[in-house]
Amino acid sequence: MTARKSSSQTTLENQPSSSLPSSQLSRADRLQIFNQLYLARYFDIRLIKEKKRGRLRGTLYSSHNQEAILVGSLFGLKPTDWISPIHRDMPAFFLKDARSGLENPNRMGMSIEQVCCQVWGRVDSPGRARDNWSHIGSKEKHIIHSTSMLAGTIPVAAGVMLADRLNGGDAVCLTYNGEGSTAQGVFHEAVNFAAVRKLPVVTIIENNQWAYGTPVSLECPTEDVARRADGYGILGLVADGQDVFDVYDKVMMAVDHARSGLGPSIVECKTFRAYGHGDHDDDRANKYRPNQEVMEGRSRDPIAICRRKLAALGDLDGASETAYWAEGKSASEATNDDFPPEVVEYLERGIQFALNSAVPDGNEGEQWVFADSEVSR
Amino acid sequence: MTARKSSSQTTLENQPSSSLPSSQLSRADRLQIFNQLYLARYFDIRLIKEKKRGRLRGTLYSSHNQEAILVGSLFGLKPTDWISPIHRDMPAFFLKDARSGLENPNRMGMSIEQVCCQVWGRVDSPGRARDNWSHIGSKEKHIIHSTSMLAGTIPVAAGVMLADRLNGGDAVCLTYNGEGSTAQGVFHEAVNFAAVRKLPVVTIIENNQWAYGTPVSLECPTEDVARRADGYGILGLVADGQDVFDVYDKVMMAVDHARSGLGPSIVECKTFRAYGHGDHDDDRANKYRPNQEVMEGRSRDPIAICRRKLAALGDLDGASETAYWAEGKSASEATNDDFPPEVVEYLERGIQFALNSAVPDGNEGEQWVFADSEVSR
Amino acid sequence: MSASQTLESPKKQYLNALRDAIDEELSLNPDLICLGEDIGLLGGAFGVTEGLQAKYGTDRVFDMPISEAAIIGTAVGAALNGKTVMAEMQFIDFISCGFDQIVNMLATYHYRTAGEVSMPIVVRGPAGAYGGGALYHSQMNEAWFCNAPGLKVVCPSTPADAKGLLTASLRDPNPVLFFEIKELYRKREIEEEIPSHHIVRLGEAAIRRFGSDITLVSYGQNVYHCLQAADELVKEGINAEVIDIRTLVPLDEDTIFASLEKTNRLIVVNEAPMTCGFAGEIIARVSEKAFHLLDAPPVRITRLDTPVPWAKPLELHVLPSVEKIVNLAKRLVAF
Amino acid sequence: MSASQTLESPKKQYLNALRDAIDEELSLNPDLICLGEDIGLLGGAFGVTEGLQAKYGTDRVFDMPISEAAIIGTAVGAALNGKTVMAEMQFIDFISCGFDQIVNMLATYHYRTAGEVSMPIVVRGPAGAYGGGALYHSQMNEAWFCNAPGLKVVCPSTPADAKGLLTASLRDPNPVLFFEIKELYRKREIEEEIPSHHIVRLGEAAIRRFGSDITLVSYGQNVYHCLQAADELVKEGINAEVIDIRTLVPLDEDTIFASLEKTNRLIVVNEAPMTCGFAGEIIARVSEKAFHLLDAPPVRITRLDTPVPWAKPLELHVLPSVEKIVNLAKRLVAF
Ligand SMILES: Cc1ncc(C[n+]2csc(CCOP(=O)(O)OP(=O)(O)O)c2C)c(N)n1
Ligand SMILES: Cc1ncc(C[n+]2csc(CCOP(=O)(O)OP(=O)(O)O)c2C)c(N)n1
Ligand SMILES: [Mg+2]
Ligand SMILES: [Mg+2]
């Protein structure tokens, strides 16, 4: 099963249109987007290498081949907007508000140092390594902290937006979920409530065709998972998750819709999971997923698609067009040379910081069960 | 707010059609249906009177004005079909398979004696008065036992149907739910699963415009609750819940659809709650619901609508047409004379039986926590 | 006491005391919002929030769909964005439908963020048996939440405590599960005057009756069973001390231990199922930490390990009663 | 032992023992169906059901959407219509998402139908900490279910018990919550030969080591901590008896009491949060019913009242350890 095509699915690749949000992007924007795809891809590939090299413990949930969803959805947000990433969205933590400058300490996203400390389980992680992998967040940076329980942050997103409006804000919140996760009851409760109250919650569905070892056909009865929106009478869009500009367009439509008070929406981004569910599943995934399907599913690399688009627009000159070539390469094939040096350096800095950060002291294990009541008003 | 009209809502009252399932009903069938409406109405009115008279404890959830939904949906079932009624569906227990003869001990429904013993909390209730009101059922009679947790039996219905198909059966299962209950997460999980597996589960939504003290507009974002079906790509029908033949038609379409393997469906029946949520709420309901809305909502009495239909078809002769006149009368206004004597007698017998049945012995309270493991295979 | 009460009886029912606490906090804390099923227009199934939507508007007090998980999740999100939240469960029994959001999302938030985010949320609702509510309108399921670290658990037995503990809970930066005893909501016999701005700190037990022969520890409506049993026991020459713990988490162990210094005998009474219930927890703490104070086995009287059945004889059979307490106390004193 | 094992090592890992139990029951009981997330095509996150869909078909072993409530509800419905059901939770932590269906629908079915309907359903899943699984892949939340009457609760610590208890559970007419210790799934050191058709009756504890000075009661992986502690204690001249209760509900109290007749000292060890956990329940039962046997306070070593944190030092800090057991045992014997 490959990323299914749907009638409502349009790809920018073939049909650029000046009425679309992406037509307003500058060349610099597009180049930044291209760069962010590299950043996300490199983060993923490097972590896999680190794990193989034995420098890293814990399970990796790869976002390889799904990077356009993160980059495209985050690029158009206001700094004050909120996001709620899940397991396959690690790059979202540092890509949020990347437009304000990756080095800008005031930007509304996490630093790569913080993210690496989380990956490596160090005390300088935003959560002081108390929960693993993507279970971090930041009240200050407007990133909702997730639990493992799939779809569990959608009602939280609704509550954050409810409070935002009571506070006079104009933020929107993007929540990310796999297509399998939409079967959870809390998905329905939260989307229904958001729809009743027209809360600006955009639910992005990363439909990578598989939920662990189960194909989407056993998780969702409709061809497009976005059709779940119809049950709530809300906007339901399908994007080509491999095309960062189509993701950008669809998400920006949903974001504008939400910000202008028209209510929540679902944006399904069709994609394909490159590897196993987590790295522990790579070998078994090769058994339960036909090779043919995997080849097809990975044939549309989001970096390649973006490159072609930029080339067509004349954004790339001859040299820069081919200087780096990460597309189509899996973690074991790609090397640092396949990535822009600033991308490699950026992550390198985060990793070094993490390796120098301490593991938390055991005593912290019993701290912070409760907030101190005395300090409350 | 009155029962909302929707474009997809057709009432048989004005547009009889020979292609509809109800056109196949005989005059005897129609008269039986008419009689069942009386039975349901009388049950409700009599219980309210018994409560006022102090002979009955516990809360009553009236089905007044909503009887056409129960009668119309149950009439066309096969005896072996399953049902899962909730709090507002007490008459369903004895109306199930009523066509096989109310006195027939082998019919696949409960006797009025059993139902009355349940209402009165007597030991001859099918549940030996261990749980209250509508929380009874029968494995033998194919009635699922509910808990209080709204929508909680829909996955159970799915499981019953799954097993039925594995057993080689051809049953369908009707589950009843208020419109407010469709906001529960488990509603979504169960309907989604049933849709994925095309299980023959028909979810009937009794949209009486209110969930306790909350109007449907705060519970559901769409005009028609039936549109929830669209999220699952399943059949979603809207029936005029005041017109027993329209309910019959829509439910039979859904039942045939289900039985033939095309999967689950949602049939929304538009109606209006006559009194408070329960009898304890009658006084408060008068405050939170505008009188005008209540008048309108009760203006289309299902007995009256059925009578007009039967009269138009020539089913009623002059005398029988006006011999009994329960429509439009609330519990305090109606008397036994407003009902056919056999209806009064039937319930009377149930009540007398219940009053003669014992209250369970306290010791039973500690029994049946576990089944005896030794008797298992 | 206060001017606003001049026209009413100065005595308050348990339910009105709760409403007063919410009302006062709504007026004092502009960030407090209240959400739940039917709490706005209707004012709640029992009327705890009656009049509050009219007074504070639909932004502050509003109705939610029948979605317990979304109710809790929304509360969490609102708290994450600066609000204090009162979330009502129509009956505490329905909290099971939002269980994951409580134990995994809400309870752990402060812990997993290493203190970055606190969750000033009170989840309250009517609880308890003895009223013929049957399996799903009678539960005392507090033990589940005591075994989910990060939640405070409170259960008042008097109008003054209802007011004082709810006020303290609404000001606590931690999530508090607040078990209200619906059978006490409108009980005339326990009406009492309550000073305005009355607060009862969480984690402090109350001694409801002083005695020297045996200690009866309880909470909720079982406190009254203990008090009645104590009255009976006096006739037998037994002087029982009755402790109402009021807060389960954190537990005021000291008050219990101090009582045992005098009495050396303990009965714990609660209406939850026995196994892994809070009565057992008290027995375990006492056995571990105050073993030397015990002259007889510490024992509990709880609901039998059954659901709460409906018919009256069944319900009474499985629940603690004055008679059961009296009989056990007599045996224990004779031990 | 049996013919089918000739080509394999006669020793079984815990995980394979579980699979054998399900496999055998599938072959013996045509009404048994298995459902859960990723249990078919993939064979389960850990491989407990590997190969079973291929062997028995998609009607008998099938994948469910990520819908824990629907998984339980579907199991209940299937049981109501004549099936025996094995329902897998991918991690026992996720059972919270189907909590209402377990405690209110499943647990009570037999009770509220006065015995008309029994529920032969096993809900099983990987549980337990010590593996760096963090808050949501480490839970031991058995206490919640012990406080929900109508559920049996089982937790094997050895391959033979895994096989024998799962077989008994799959044949029990009652709902059984079956806590598997994922850290033991593939632990080489505990591999053992298992006779075919091996059954271990529910409700019978096992004495894992005989001793006369102190009784260590535990279950799950903490049994091994107790055994190691017992080894250490021998060096101090202390002879510990180690009891593995195996079934929590119903509990084999007699084996514990009989041990206390000899030792008069009790430590209960488990890795669940302390308050209202099952360790406290054992302490309470012993204190109530065998007070006269105790020469020292009965005590427990549990997880602290915290979630299970991720980073290794944090995780170890909050969990029971051999060292904690040894130290406490020494103090207790010296009491
Ligand atoms: C409530 C819940 N049930 C089960 C799981 C176990 N689990 C973790 S990821 C996963 C599959 C998720 O699939 P999908 O939503 O499609 O996201 P993907 O991993 O494909 O990105 C499952 C079943 C969980 N985390 N939460
Ligand atoms: C899970 C759950 N939450 C809350 C309740 C309390 N409750 C009982 S009936 C009811 C309103 C139901 O409204 P609706 O579904 O429209 O049915 P109606 O009573 O109108 O027939 C509520 C909130 C419940 N029974 N179960
Ligand atoms: Mg997926
Ligand atoms: Mg309704």
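So you know, we letter chains A, B, ... as the sequences are listed, proteins then strands, and number each from 1.
Taking a 6.0 Å sphere around CD of A:Q352, one finds it holds more than 12 heavy atoms contributed by other residues, nucleotides or ligands.
For D:D305, the part sitting under 4.5 Å from any heavy atom of chain A is the backbone (N, CA, C, O) and nothing else. Heavy atoms of D:A45 lying under 4.5 Å from chain A belong to its backbone as well as its side chain. Only the side chain of D:Q90 comes within contact range of chain A, with at least one heavy atom under 4.5 Å from a heavy atom of that chain.
Looking at heavy atoms from C-beta onward, D:P313 lies in side-chain contact with A:V359 at the 4.5 angstrom threshold. Side-chain contact check for D:Y136 versus A:D131: some heavy-atom pair is nearer than 4.5 Å. Under the 4.5 Å side-chain criterion, counting only non-hydrogen atoms from C-beta, A:L218 is not in contact with D:L41. Two residues are said to be in side-chain contact when any heavy atoms from C-beta on lie closer than 4.5 Å; A:R130 and D:L314 meet this criterion. Under the 4.5 Å side-chain criterion, counting only non-hydrogen atoms from C-beta, A:Q118 is in contact with D:W310.
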Enumerate, atom names and distances included, each donor-acceptor pair closer than 3.5 Å involving a side-chain atom of residues 149-159 of chain A, sequence neighbours excluded.
from   : atom 1 : to    : atom 2 : distance (Å)
A:T153 : OG1    : A:S84 : OG     : 2.7

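The closest donor-acceptor contact from the side chain of D:D38 to the backbone of A:G213 lies under 3.5 Å.
Looking only at heavy-atom pairs under 4.5 Å with chain A, the residue among D:L304, D:V318, D:L135 that has the most is D:L135.
Scanning both residues, D:T306 and A:G365, for their nearest heavy atoms gives CG2-O, 3.7 Å. Among all heavy-atom pairs drawn from D:S67 and A:A183, the shortest one is OG-O, 3.0 Å.
Using a cut-off of 4.0 Å between Lys/Arg side-chain N and Asp/Glu carboxylate O, A:R284 and D:E50 are scored as salt-bridged.
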